[in-house]
Each structure stands twice: as structure tokens, then as C-alpha cells.
Amino acid sequence: MDIIIIGGGKVGRGLVEHLNNEGHNVVLVDIKDSVIESVQDDFDVMGIAGSGTDIEVLEEAGARKAQLVIAVTPRDEFNMLCCIMAKKLGTHACVARLRNPEYYKQTDFMRRELEIGMIVNPEFYAADEISRMLRFPAAINTETFAKGRIELAQIRVSSDSPLVGRAIWEIYAKYKVKVLVCALQRGDEVIIPNGDFVINSEDKIHVTATHRDIAKFMHEIGIDNQRLKTVMIIGGGRISYYLARQLLESGMRVKIIESRMERCSELAELLPKASIIYADGTDKNTLCEEGIDDVDALVTLTGIDEENIIISMYAKKLQVPKVVTKVNRLAFVEMLDTIGIDSIVTPKDITADVILRYVRAMENSSGTEINSLYRIVGDKAEAIEFNITSEPGLTSVPLKKLRLKKNILIASIVRGNKRPFIPDGNSTLEPGDTVIIVTTAQLKKITDILA
């Protein structure tokens, strides 16, 4: 696909990398020559220094024939204008990053009247991911598929876990819970395991099943997964607003500590059921006075990575049951795992994932469609949800007779209104099914699983 990315910041650069690696013809437009030079030094893409609202620049980038324009500059109005102009020139579809909550309320209007195919709000998506983490506090992270009917949970195997030293088939036989270990991270190695694979201490396993079955599995192996009641949020930005709104609606008690008086006043008006504290959330005395040692969860959402990390480390020392940390620098993400902070949110990566999912959906052929796509296991594997249509040689054939590529695992199948199930060798894929595939390969359509 011919794709134009307007804005070479963290999100834009990440999209350039991923889309270029997937073989797309990518053009980056940014107002700064230094940004263009830096990206072109690192990736084999075309770069144009100029404004995304300049018709000559858009034409030089190929907007008249491009399949997609993605506007991810820091300015909402600029992103909208870039998309409107690109559509008028002939671009097939557009994606705009809009961070203002007022704009996000008007998503349907913008899609319909302004012909912007997708509106991406990084803060909203980040809040949604944190909310899922808090829903399953014993898991490092969770993702949902098939309209919430299937969950994928990441669990760290502790040294005293009954899973240590057991082959996966033994785990299934002992606990008789309908979950599937579909991916595993051991150090820097990513594994799509078979039944004979033996679990070690400190492995990170990804299990998929219904919410109820995952909860039952955690209970059986001795992991406490009690529902959270109180959440403290450090920082009162947009993510905090979206997150607090979700948590309050689910019945949790929320306290937000924010250091700007004006923002505290805004939050108090927007979130009348939350406790808004005007104070420095990075101060130890403030945290103690506000009861950090009594909360069920702490979420650090300041604008400074180092502050978030230090506060999270302090909360871990106090044995706060669930700690979620927002960081923007990938270098920090890799280091945090070594000190026991593993529930990490990186908004720019979440934004890139959402846009990549949209790009994959645009590429699909033969009537198949990617509903959801999540990069997992340190971005080294993907969990993808497909809708199945009639595919000769794939549908209505027992899975044991299919020649699948290596590192492909069919994790779950949803058929009609029936309960999702984990397939075996005699199971088949049928038209109308929803199927979850876990893989270290890149799949663009369901038939790509075949060797």
C-alpha cells in the first residue's frame, strides 16, 4: 500500500518503522528537516520536509493515489485539515490522531461528514488498557477478543508456582480448566509452545480463555485475583480523566493527586464522584498522608517517566497489590522488567497498534477481516482475531489435516452464540466463525496460516 504519514514524532516514527518492515511504500511528511533526515538515515523510506496542509507537499508525497494518509502531529486541528485536504486530492482513506475529549465526542460526525476513516485518541486507548489491567489485577496485562467473550492474559510464573517444572499437557490434565497456554517469554526468547513444553520459574505465559475460565485457572494455581475497590492515580491528565470515568462507572473508589490547581478544579467538575487532591504526588509524605499503603492499586500517570518509575518502585516496596506505570521511552520498558515492574503502559505503542490494525484490515482480501490485533510478548508475537468466510482448503477441514506454518497456534474459536472453545485436531474452521491466531509471523489474511 502507498501510505503517507504526516508527523515524525514518536508515534509517526514508530509507524514508519512497522509499516516499512511490512513492505508498504511509506512517505513521511514533517515540517522539520532534521526529523526527515533522521528517519531516512534509519529506514528506507521517502521523506518530504514541509507542511501536511500544503497542497504541493501532499501532491509530491502522492496523496492523489495514496491508499492511506495518517496524520499524527501534536495538533488536532492540523491533523483534521491534513485529512480533509488529502481526501479532496483523492486519497482513499485517512486516519487522524485527535486528543481533545471534545473532538472525540464527535467521532461519528467526523467520519460521516469529514470522511476521516478512523479517529485515534491515544489517551482514551491507554485508559482502556489500564482499565483492563485493573480488571484482572493478578495478570500483567490482558487483551479482549470477540466482543469481550475471549481474554488473553499475561501471567508471570513465580518460583513457588505449582506450574514450575510441569509440561503444559500435565497442567491441562491436573487442573482441567479450559485455558490454552498460547505464547511464552523466557528471557529474550519467544516461544509458541506445544504440549510437551516445560514451564520454568519467571517465565511469562500468555493464556487465552473466557474471563470466567481464566479467573478459575488463576484460583486453581493459587493466584489471588480479588476485585479491586480503591485506586490512587498520580497525575491528572487526559488519561487520568478517561480512566477515572471508567473505574467510577464500575463501582471503584478513585483518588487523583494532581499538582496543578486549575486542573484539579476541572477534574472536580468533570468527576464529582472522585476524590481530587491538590498536592505533589511525587512527594513521599503526600503519598503516605493520602493512604498509599491502603489502596488496592496505584497508577502513575505523570508526564515524566522517571517520576512514574520512582513512585511505582515505592509503591512496590509498600506492597501495593497492583501497580501500573506509564512510560514513553522504550529503553525504560526493557529495564523495568528486571526490577519487578511489569504492568506498563506506553501510549504511543498503543496508538501505533490501533493504526496498524486498521491498515491490516484495509489490506484484507477474500472477505476475511481482522477484527483485533495485539502485539504481545514484548512486541515479538501477535494475537489476531479473524472473521472466517468460505475458504477452500481451509474451512471445513479438520485442523490436524491442515499444513500450518511454524509458530502458528489456533488459540480459540467462537461459533455463533455458543461458548468460545479451544480447538483440538478434529476441530474445523467454518464460515461465520471468529478465530484467534497467535503467531510470531505477520499475517494479513487467514489463509496466510497455511504452509
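Numbering starts at 1 and runs along the sequence shown. These numbers come from the heavy atoms of this one structure, side chains and all, not from hydrogens, waters or symmetry mates.
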Is there a side-chain contact between [X] and [Y], using heavy atoms and a 4.5 Å cut-off?
X	Y	answer
I350	P122	no
L134	V299	yes
K380	D188	yes
L318	L287	no
I256	L271	yes
L243	S131	yes
L443	I408	yes
D213	R419	yes

What closest approach, in Å, do G237 and R263 show between heavy atoms, and which atom pair accounts for it?
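Taking G237 first and R263 second, the nearest heavy atoms are O-NH2, 3.4 Å.
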What pair of heavy atoms forms the shortest contact from I292 to V295, and how long is it?
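The pair with the smallest heavy-atom distance is O-CG2, 3.2 Å.
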Given R156, which of D203, I205, I223, I140 fulfils the side chain to side chain contact (heavy atoms under 4.5 Å, CB included) condition?
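One option only clears the test, and that one is I140.
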Return yes if some donor-acceptor pair links the side-chain N/O of [X] with the main-chain N/O of [Y] below 3.5 Å, else return no.
X	Y	value
K255	E290	yes
T434	N387	no
T439	N407	yes
S161	S158	no
D76	R99	yes

With Y241 via ring-ring contact (aromatic ring centres under 6.0 Å, His included) - residues at least two apart
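Y241 satisfies ring-ring contact (aromatic ring centres under 6.0 Å, His included) with no residue once adjacent residues are dropped.
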For R111, is the CZ atom crowded, meaning more than 12 foreign heavy atoms sit under 6.0 Å from it?
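Counting neighbours around CZ of R111, more than 12 heavy atoms of other residues, nucleotides or ligands fall under 6.0 Å, so yes.
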For E113, is the CD atom crowded, meaning more than 12 foreign heavy atoms sit under 6.0 Å from it?
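Yes.
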Answer yes when D128 and R132 have at least one side-chain N-carboxylate O distance shorter than 4.0 Å, and no when they do not.
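Salt bridge: yes.
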What distance separates K65 NZ from I4 CD1, expressed to the nearest 0.5 Å?
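Reported value, rounded in 0.5 Å steps: 8.0 Å.
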Exercise: do [X] and [Y] side chains pair donor with acceptor under 3.5 Å:
X	Y	result
S38	R13	yes
E77	Y103	yes
T302	N308	yes
T346	D349	no
D353	Y125	no

Qualifying residues under side-chain hydrogen bond (donor to acceptor under 3.5 Å, both in side chains), relative to Q67, sequence neighbours excluded
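Expected list: none.
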For a side chain to side chain contact (heavy atoms under 4.5 Å, CB included) check, start with the C-alpha distance between V26 and F43, then their side-chain angles and the critical distance, and finish with the verdict.
CA-CA 10 Å; V26 179; F43 309 108; over 6 Å; no
